[in-house]
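Structure, as structure tokens:
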Amino acid sequence: MSLLELPSNRTEGWRWSDLSALPEIVARQPAGTVPEALPWIGCAREGPRLVFIDGKLAADQSNLGTIEIGSVQANPADHALARLVGSEGWKLKLGQDHAPQGLVQIVHVTTGGADHLPAEIELDVDAQASVVETYIGEGWANRLTSIRLSRGARLMLNRRLLSSAGYVSLNDHAVIGEGASLIVATLSAGGADTRMDGQLTLTGDAAFAEFGGALLARGTQRHDANLAVRHEAVGGMSRQVWRSVADDKATCSVAARVEVARGAQKTDGEQSLKGLLLSRTATINAKPELEIFADDVKCAHGATVGELNRDALFYLASRGVAPQEAKALLTQAFVADAIDRIGEEEVRDAFHENAMAWLGGR
Amino acid sequence: MLRIENLHAEIDGKQILNGLTLSVGASEVHAIMGPNGAGKSTLGYVLGGRPGYEVTSGSVVFDGKDLLDMAPDERAAAGLFLGFQYPVEIPGVSNVQFLRTALNAQRRARGEAEISAGDFLRLARAQGEALGVSMDMMKRNVNVGFSGGEKKRNEMVQMGLIDPRLAVLDETDSGLDIDALRIVGDGINRIMRKPDKAVLLITHYQRLLDIVEPDFVHVLAEGRIVRSGGPELAHQLEREGYGAIAA
């Protein structure tokens, strides 16, 4: 890549992001150093396991199963970062009634430079899949994922952004058919800045979409989520549950929009954007938006920002819990709403552990 | 065990405790009674170390150590238990998690090994059963949706598990019906009536003292102890009111 064109903060969708570190990362050579132990989640239903090192499949450490590597159809639209991903990536395509195949785990290791990778997930009628992606290392991991769910298909996509430094940018485009269900839960609990973009469209009647997560930031970290859920058919339901935690001079920003098209009656949309400031110098931005062109819909949205409850901190202290651990416990309770939405127990527990580790509790 | 000397304390610049002096020895139960606004709850919070309660002069020595010099969690690890008049609700944290975290924090602070999950659950079940707190309740979030009586019984479960040296119980009898009062009172006797332990019972009423019989009764008024006596003093207060005795 010779030229990196980045949007400026003057563009509304980018006003809370800081991309200034990216040109320098792009110029760096990846070190190629991969940790010996990768963060696999032990689970009863083992499925395919993929390791990408600097955006390239590490075939010797991977078990592809039903996943293919090759040309991927993912449309970056005009997104400044997504358009860098290229066309070679991974594909998960499951045919009609495909039985659950076990948990798909993908670990992305970035070793100092920038890597870009597209992906495509396509589930045919009534197929089901559960995918966990974990990002580790440092550098810039840039991804674009295209998701298409046919009638009655179900996808759980859970992500852990645990990179120690640098930047992780994820962009998702999803089309959700009749009665299909997409649940995306993300945990940002590393040292890198992150940026998430999501465009979910419910094209079939009674479709379900959930997009949420927990963003944990300290130091001068920035997490930035920009999401739009568009209801185009009748009886759709969507949930956007985000919990942001910012300490020191960090910033967490969530802009979440619900669009209800003309005719998308009986839509049930809910947004809950909550922020927790662990210090007075941190920043939380929450921007819920509703755009409704149908008259028989139910859309609830709430945005709050607060601090830890002092009474609860003293209550814990009075029972012998030291301040640091008490803070971690209450903060974990705050983000639990978002993580608890993960269906598989092993995955949920692993995410809770990662959050607790970040918080410095035990 | 506990020696409070000439304690003065204020909240937001307002003087609440005005030279309170009190000694509590091992195996003793002391009741502190007094009218509203006398400083009873403040005494509890000052002993517990609640932020915002500022000690302006005086001293508190607990087992030979300067209590006021310790952080609230250190006081707990040293063996002090504060029973809350209004136990705090903590959404998102289960009772079991809360208790295990507390118990292990204290054990670590004392250089002891952490308790295993199995041992902890056995202990928690036993304490819960004795106080009418089911395992189902133990799995619920701390005090969330609990009735007043359930919250107080839950405090006693915590006390039973933590097994403190000194319990300062702030109106543990408020909000209890007769049956719950009996359960809580029996709990205090069972957990704390031991030769190496002591209780400071802050209360308005005689009824808890019928179950947990105090060795000493003190009347607190305007931030200091104005009268001390044996259990008969509580009966006299019940008959004559604070006005006559505190005056």
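So you know, we letter chains A, B, ... as the sequences are listed, proteins then strands, and number each from 1. Side-chain atoms are counted along with the backbone in the values below, which use heavy atoms only and exclude waters and symmetry mates.
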> If you take all heavy atoms of A:A333 and B:P91, which pair is closest and at what distance?
Replying inline: CB-O, 3.5 Å

> Which heavy atom in B:A105 sits nearest to a heavy atom in A:V321, and how many Å separate them?
Replying inline: CB-CA, 4.0 Å

> Heavy-atom count around A:R195 CZ within 6.0 Å, excluding the residue itself: above 12?
Replying inline: yes

> To the nearest 0.5 Å, what is the distance between CG (B:L47) and OG (A:S318)?
Replying inline: 12.5 Å

>> Quick check: A:F314 with B:F84 (ring centres under 6.0 Å apart)?
In response: yes

>> For B:Y86, is the OH atom crowded, meaning more than 12 foreign heavy atoms sit under 6.0 Å from it?
In response: no

> Which residue pairs pass the side chain to side chain donor-acceptor pair (under 3.5 Å) test with at least one member in residues 301-315 of chain A, sequence neighbours excluded?
Replying inline: A:R280-A:E307, A:D311-B:R50, A:Y315-B:N143, A:Y315-B:E155, A:Y315-B:Q158

> Does CG in B:D196 sit with more than 12 non-hydrogen atoms of other residues, nucleotides or ligands closer than 6.0 Å?
Replying inline: yes

>> Ignoring hydrogens, what is the shortest heavy-atom contact between B:A76 and A:R319? Give both atom names and the distance.
In response: CB-C, 3.8 Å

> Considering residues, nucleotides and ligands other than B:R140, do more than 12 of their heavy atoms fall under 6.0 Å from its CZ?
Replying inline: yes

> Which bit of B:L82 is near chain A, if near means a heavy-atom gap under 4.5 Å: side chain, backbone, both or neither?
Replying inline: both

> Can you tell me how far CD1 of B:I90 sits from CG of A:L329, rounded to the nearest 0.5 angstrom?
Replying inline: 7.0 Å

> So does B:E112 have more than 12 non-hydrogen atoms from other groups sitting under 6.0 Å from CD?
Replying inline: yes

>> Within the supplied structure, the quantity of interest is the number of heavy atoms (other residues, nucleotides, ligands) at a distance under 6.0 Å from B:R125 CZ; does it exceed 12?
In response: no

>> Below 4.5 Å, heavy-atom pairs only: which of B:G49, B:A71, B:A77 has the largest tally toward chain A?
In response: B:G49

> Heavy-atom distance under 4.5 Å to chain A: side chain of B:Q97, backbone, both or neither?
Replying inline: side chain

